[in-house]
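Have a look at the structure below before the remarks.
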Amino acid sequence: MTPRKLHALSAMVITAFACLHIANHLVGLGGASAHIAFMETARLVYRARAVEWVLLACIGFQIVSGLVFVIRGWKQRHGGIAWLQAASGAYLSFFLAVHVGAVLSGRAALGLDTNFYFAAAGFHVAPFQFFFAPYYFLAVLALFTHLGCAAYWQSEGRPRLARALMVAVPCAAGAVISLLIVLSLAGALFRVDIPASYKATYDQSTP
Ligand code: HEM
């Protein structure tokens, strides 16, 4: 199997998790308790030991293989979609390395339940909201954009407009979904009271 095929296969595993994960954040638009209740059930699936190891292995592989593709293809890359795919992939590599590292160390080193409050805390301790708002907004946007670009390359031979929509629709949906999630974490949709134990982590500046 070629590295590109492995990258696509690993992307399928990550996308399956991401659907559940983003559904979790969308349920969170109804409040922190709804988010936490959904996550407790979803964890039964993705925190099952074998599932989590496969997921984390795919994340690790995706980060490294994605960066290799971005760098190796630098000089041969032509056209807006190719660059959009590379830019969204590069951002996802950065985001996933920082995000998964933060979640795992939040759990193992800080002993925190990495729930809604863990994700939201940075929005409620100045000046960290200026980091977290673009950091999370771009993550969900990059994921949708990257998948849209993949669909574009799979649809050669289709009319130009249909192919353009395969990128434009996911980008627009990603931007709206992302904005709603960021607003909920920032406390713009409902009141968010962050427990002191989560705010305290910002003494060590954990993203
Ligand atoms: C607004 C955007 C996001 C927020 C607020 C967020 C928040 C979180 C939180 C709170 C956890 C801990 C889950 C738990 O303890 O069960 C987590 C875990 C994780 N997130 Fe995200 N996430 C976001 C976007 C993403 C995206 C786009 C991906 C890419 C697929 C992603 C991948 C992961 C992975 C792989 C884990 C680790 C799962 C585990 O093994 O426990 N996240 N995220």
Side-chain angles (χ1 to χ4, degrees), residues 7 10-29 31-63 66 88-124 128-129 131-148 150 170-171 173-189 192 194-195 197-198 201 206-207:
H7 187 80
S10 161
M12 283 179 203
V13 175
I14 297 171
T15 303
F17 166 78
C19 288
L20 187 64
H21 199 45
I22 287 170
N24 195 159
H25 299 316
L26 287 175
V27 167
L29 301 182
S33 336
H35 187 284
I36 289 170
F38 187 101
M39 187 170 267
E40 273 166 12
T41 308
R43 278 176 180 168
L44 298 175
V45 180
Y46 65 79
R47 280 216 190 162
R49 192 175 286 248
V51 176
E52 192 169 37
W53 275 108
V54 170
L55 176 64
L56 294 179
C58 288
I59 296 276
F61 173 75
Q62 214 68 2
I63 291 171
S88 54
Y91 183 76
L92 280 172
S93 283
F94 156 77
F95 172 79
L96 287 173
V98 177
H99 181 58
V100 177
V103 167
L104 296 182
S105 58
R107 262 159 69 181
L110 305 175
L112 289 170
D113 179 355
T114 49
N115 59 17
F116 177 89
Y117 295 116
F118 180 79
F123 286 85
H124 300 268
F128 293 100
Q129 69 273 31
F131 169 76
F132 281 102
Y135 167 76
Y136 280 131
F137 177 79
L138 290 175
V140 179
L141 179 61
L143 179 70
F144 276 70
T145 303
H146 203 65
L147 292 174
C171 281
V176 173
I177 289 172
S178 206
L179 181 65
L180 289 171
I181 295 171
V182 165
L183 289 174
S184 71
L185 295 170
L189 303 184
V192 174
I194 306 289
S197 53
Y198 291 91
T201 62
T206 310

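If you read the sequence from its start, that first residue is 1, and numbering goes on from there. Order of listing sets the numbers, starting from 1, for every ligand and every atom in it.
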Proximal atoms of ligand 1 relative to [X] (non-hydrogen, under 4.0 Å):
X: A18; result: 30 (C)
X: R107; result: 39 (C), 41 (O)
X: L185; result: 5 (C)
X: R43; result: 14 (C), 15 (O), 16 (O)
X: I181; result: 1 (C)
X: V140; result: 1 (C), 2 (C)

Given side chains that start at C-beta, do those of [X] and [Y] come closer than 4.5 Å, heavy atoms only?
X: Y198; Y: H124; result: no
X: L185; Y: F116; result: yes
X: F38; Y: L26; result: no
X: V13; Y: F17; result: no
X: L179; Y: F137; result: yes
X: N24; Y: R43; result: no

Determine yes or no for a side-chain-to-main-chain donor-acceptor pair under 3.5 angstrom, with [X] supplying the side chain and [Y] the backbone.
X: Y136; Y: A120; answer: no
X: S184; Y: L29; answer: no
X: Q62; Y: H7; answer: yes

### Query
Taking the six-membered ring for Trp, are H25 and H35 parallel (under 30°), tilted (30 to 60°) or perpendicular (over 60°)?
parallel

### Query
Under 3.5 Å, N or O to N or O, is R47 touching ligand 1 that way?
yes

### Message
With 2.8 Å as the threshold, which protein atoms of type N, O or S lie near atom 21 (Fe) of ligand 1? Leave waters out.
### Response
H21 NE2, H99 NE2

### Query
Within less than 4.0 angstrom of ligand 1, does N115 place any heavy atom?
yes

### Query
Do F131 and F128 have ring centroids that are under 6.0 Å from one another?
no

### Task
Work out which heavy atom in Q129 is nearest to a heavy atom in F123; give both atom names and the distance.
CB-O, 3.8 Å

### Task
Compare every heavy atom of V140 with every heavy atom of G174, then report the nearest pair and how far apart it is.
O-CG1, 4.2 Å

Report the nearest protein non-hydrogen atom to [atom]: residue, atom name, distance rounded to 0.1 Å.
atom: atom 29 (C) of ligand 1; value: L96 CD2, 3.5 Å
atom: atom 39 (C) of ligand 1; value: E52 OE2, 3.1 Å
atom: atom 12 (C) of ligand 1; value: T114 O, 3.1 Å
atom: atom 34 (C) of ligand 1; value: F17 CE2, 3.4 Å
atom: atom 4 (C) of ligand 1; value: H25 NE2, 3.2 Å

### Summary
When L92, L138, I177 are each screened for side-chain contact (heavy atoms from CB on, under 4.5 Å) with L143, the one that passes is L92

### Task
Closest by any non-hydrogen atom to atom 24 (C) of ligand 1: pick that one out of Y46, F118, Y136, F95.
F95

### Shortest reach to atom 30 (C) of ligand 1 by a heavy atom, considering only I177, L180, I14
I14

### Query
Side chain, backbone, both or neither: which part of I59 comes within less than 4.0 Å of ligand 1 when only heavy atoms are counted?
side chain

